[in-house]
Amino acid sequence: MSIRVLLADDQTLVRSGFRALLERAEDIEVVAEAANGVAAVELARREQPDVVLMDIRMPGMDGLEATR
């Protein structure tokens, strides 16, 4: 069983870096990526990840509001 992770950050390079690090672990699966808080909320509802790695400063809806 793997840990399902959603990455949410407005910077593509940051998301790519986290994905590369996380995918090295055999028991972690990145199930989705979001570039803003609105997309993060939608993806979290759809994908039901175990963990969300969320940037707190993003356009549209910041990570703090998205977490609420």
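Along the sequence shown, residues are numbered consecutively beginning with 1.
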**Prompt:** Hey, any chance L43 and L53 share a hydrophobic cluster, counting ILVMFWY side chains that come within less than 4.5 Å of each other, even indirectly?
**Reply:** no
**Item:** Minimal non-hydrogen separation, A66 against G37, with atom names
**Value:** CB-O, 3.8 Å
Donor-acceptor contacts under 3.5 Å from residues 2-13 side chains, at least two apart:
from: R4; atom 1: NH2; to: E47; atom 2: O; distance (Å): 2.3
from: D9; atom 1: OD1; to: Q11; atom 2: N; distance (Å): 2.8

**Message:** If hydrophobic clusters are built by linking Ile, Leu, Val, Met, Phe, Trp and Tyr wherever their side-chain heavy atoms come under 4.5 Å apart, do V30 and V51 end up in the same one?
**Reply:** yes
**Asked** How far apart are the closest heavy atoms of A40 and M54, and which atoms are they?
**Response** CB-SD, 4.1 Å
Under 3.5 Å donor-acceptor pairs involving side-chain atoms of residues 18-27, not counting sequence neighbours:
from: R19; atom 1: NE; to: E33; atom 2: OE2; distance (Å): 2.4
from: R19; atom 1: NH1; to: E23; atom 2: OE2; distance (Å): 2.7
from: R19; atom 1: NH2; to: E33; atom 2: OE2; distance (Å): 3.1

**Request:** State plainly whether one hydrophobic cluster holds both V14 and I28, where clusters connect Ile, Leu, Val, Met, Phe, Trp and Tyr through side-chain heavy atoms under 4.5 angstrom apart.
**Result:** yes
**Complete:** Quick note, side-chain hydrogen bond (donor to acceptor under 3.5 Å, both in side chains) partners involving residues 54-68, not counting sequence neighbours, are E65-R68
